[in-house]
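Note sheet for the following structure.
This is a predicted model, so every value here is computed, not measured. All values below were derived from every heavy atom in this structure, side-chain atoms included, with hydrogens, water molecules and symmetry-related copies excluded.
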Amino acid sequence: MSNEIKHHLTDELLMGYSAGTLPEAFNLMVATHLSLCDACRAQAESYDTLGGCMLQDVSETVDMADDALDATLALIAGGVAADAPTRPSCDVLPAPLRDYVGGSVSDIKWKPVGMGVKQAILPTSAAASARLLFIPAGAAVPDHGHKGMELTMVLQGAFSDAIDRFARGDVEIADEDLEHMPVADISADCICLAVTDAPLKFNSLIPRLLQPFLRI
Amino acid sequence: DDGCKPQGEWVAHVLRIRSAQDKPAFAELFRHFAPRVKAFLIKSGSTPSQAEECTQEVMATLWHKAHLFDPSRASVATWVYTIARNRRIDLLRKERRPEPEELTWGPEAEPDQVDIVALQQETAHLRKALKALPQAQRDLIEKAYFGDLSHREIAARTGLPLGTIKSRIRLALDRLRHAMK
Ligand SMILES: [Zn+2]
Ligand SMILES: [Zn+2]
């Protein structure tokens with residue numbers, strides 16, 4: 001499945017995920033892509049290895065308190081917090097998204113944003129936002145530009161814009177220089193995960209008026 | 001006994017914790033890794049007392065999750081790093097960290113000895129290559145991993161243009177890739 005993915009994450013994003021410096025919404029995007037893409041997962045693991053080497057050879061260490069080992073053994077004796085339950089699988093949403101949605105694709109609470117397009121905002125920290133988008137087969141997301149970085153990953157169906165066609169697992173990376181109007185394939189409704197670190201800029205009046213209300 | 005063992009340093013310690021709840025093995029791991037994890041947390045912005053407490057939690061997690069450690073996929077240092085990093089995100093940012101879906105490899109097969117040796121040797125190789133990097137490039141990678149700083153924030157801190165930061169990091173990664181060939 002994953003060898004069909006053509007559009008991948010950048011090294012900067014993969015390294016940021018490993019170093020732990022990305023906003024939560026971007027971590028969610030990376031974790032979701034890695035769930036579908038073996039190539040990027042291997043890359044991310046090599047960035048973790050780099051982190052491990054940095055830890056081994058850190059320029060200076062800091063002594064622990066005298067009773068630290070005993071205190072830790074006491075913590076260990078105290079037992080372990082239970083892991084979060086794993087949710088049943090879903091053909092559309094990989095595990096990290098199922099956690100944020102609280103279930104499978106049928107549990108997504110869609111809100112209409114006009115022209116048949118629907119969205120569901122996911123609960124992440126405010127530094128960046130994450131949403132699921134539903135674009136009916138053959139429909140378009142209104143023409144827009146970007147003030148920051150926007151990553152869009154296809155979960156179901158496919159969409160096309162002036163850059164290329166994007167199918168399940170593919171990530172489109174848009175920035176200040178790109179204006180686009182993604183159009184869903186006619187054969188299936190398209191569901192995407194989109195994350196942005198700045199609001200989008202819509203070119204037509206109506207989406208611009210709606211924007212503050214829709215939190216796009 | 002920090003030497004390069006054929007199947008990877010510290011791997012045997014974790015396996016002893018897993019199979020026999022071996023406290024002396026844990027104590028040795030603790031003495032090696034806890035001061036490094038504490039330094040990592042302080043460099044990332046924790047106070048010393050936060051870092052002390054958090055490091056103890058990280059080391060306790062290592063004990064409790066020893067059964068999940070797979071030496072054919074990570075070195076012990078890498079594994080400790082990922083636990084410490086996740087705890088840092090939790091502690092300093094009060095955020096959860098989404099993790100990729102677990103891969104299902106079929107029936108719980110014991111990892112192959114050949115895979116373990118290969119992974120552990122590659123890691124030792126990368127560690128050597130990293131030590132051989134020019135200081136300026138190494139410093140930037142350390143800032144990226146230990147400073148909790150994005151490339152943009154590193155640019156603001158160091159006064160270097162963002163483009164310079166990005167190209168130096170890219171250069172460092174290219175060198176590492178080259179050394180790994
Ligand atoms: Zn990929
Ligand atoms: Zn866009």
* To do: Start with the C-alpha distance between Lys6(A) and Glu4(A), add both sets of side-chain angles, then the distance that settles salt bridge (Lys or Arg N to Asp or Glu O under 4.0 Å), and finish with yes or no.
  => CA-CA 6 Å; Lys6(A) 283 189 304 195; Glu4(A) 293 163 20; over 6 Å; no
Chain A contact via [X] - which portion, at a heavy-atom distance below 4.5 Å:
X         : value
Lys94(B)  : neither
Leu173(B) : side chain
Ile169(B) : side chain
Arg170(B) : neither
Arg177(B) : side chain
Ala74(B)  : neither

* With a cut-off of 6.0 Å (strictly less than), are more than 12 heavy atoms of other residues, nucleotides or ligands near CG of Asp67(A)? ->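 Atom CG in Asp67(A) is crowded, with more than 12 foreign heavy atoms closer than 6.0 Å.
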* **Neighbour count >12 (heavy atoms, 6.0 Å) for atom CD, Glu45(A)** =>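 Yes, CD of Glu45(A) has more than 12 neighbouring heavy atoms, counting only those of other groups under 6.0 Å.
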* Does Lys43(B) make a cation-pi contact with Phe146(B) (under 6.0 Å, within 45 degrees of the axis)? ->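 The answer is no; the distance or angle limit is not met.
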* Check whether NZ of the Lys or CZ of the Arg Arg85(B) lies under 6.0 Å from the centre of the six-membered ring of Tyr145(B) and within 45 degrees of that ring's axis. =>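 Pair Arg85(B)/Tyr145(B) does not count as cation-pi.
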* Asked: Any salt bridge between Asp57(A) and Lys131(B), counting N to O under 4.0 Å?
  ->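 Salt bridge present between Asp57(A) and Lys131(B).
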What part of [X] lies closer than 4.5 angstrom to a heavy atom of chain B: side chain, backbone, both or neither?
X        : answer
Ser89(A) : neither
Leu73(A) : side chain
Asn27(A) : both
Thr49(A) : both
Ser59(A) : both

* Tell me, with the steps shown, if Asp115(B) and Arg73(B) meet salt bridge (Lys or Arg N to Asp or Glu O under 4.0 Å). => CA-CA 8 Å; Asp115(B) 294 339; Arg73(B) 300 193 54 206; over 6 Å; no
For the candidates [options], which exhibits the highest count of non-hydrogen atom pairs separated by less than 4.5 Å from chain B?
options                                 : answer
Leu75(A), Thr124(A), Leu69(A)           : Leu69(A)
Leu28(A), Thr32(A), Asp48(A)            : Asp48(A)
Leu97(A), Leu34(A), Leu55(A)            : Leu55(A)
Pro96(A), Gly51(A), Ser35(A), Gly16(A)  : Gly51(A)
Gly79(A), Ser46(A), Gly78(A), Ala127(A) : Gly79(A)

* Taking all heavy atoms of Leu62(B) and all of Trp79(B), pick out the closest pair and write down the distance. =>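 In this case the closest contact between Leu62(B) and Trp79(B) is O-CH2, 3.4 Å.
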* Side chains of Ser75(B) and Thr78(B): do they bring a donor and an acceptor to under 3.5 Å? ->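 Yes, because at least one side-chain N or O of Ser75(B) sits under 3.5 Å from a partner of the opposite role on Thr78(B).
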* Is the side chain of His33(A) donor-acceptor paired with the backbone N or O of Met153(A) at a distance under 3.5 Å, no angle test? ->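 No.
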* Asked: Hey, is the main chain of Val92(A) close enough, under 3.5 Å, to the side chain of Arg168(A) for a donor-acceptor pair?
  ->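 Answer holds: yes.
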* To do: Under 4.5 Å, counting heavy-atom pairs only, tell me which of Arg96(B), Arg31(B), Glu57(B) racks up the most with chain A.
  =>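 Result: the option with the highest number of such pairs is Arg96(B).
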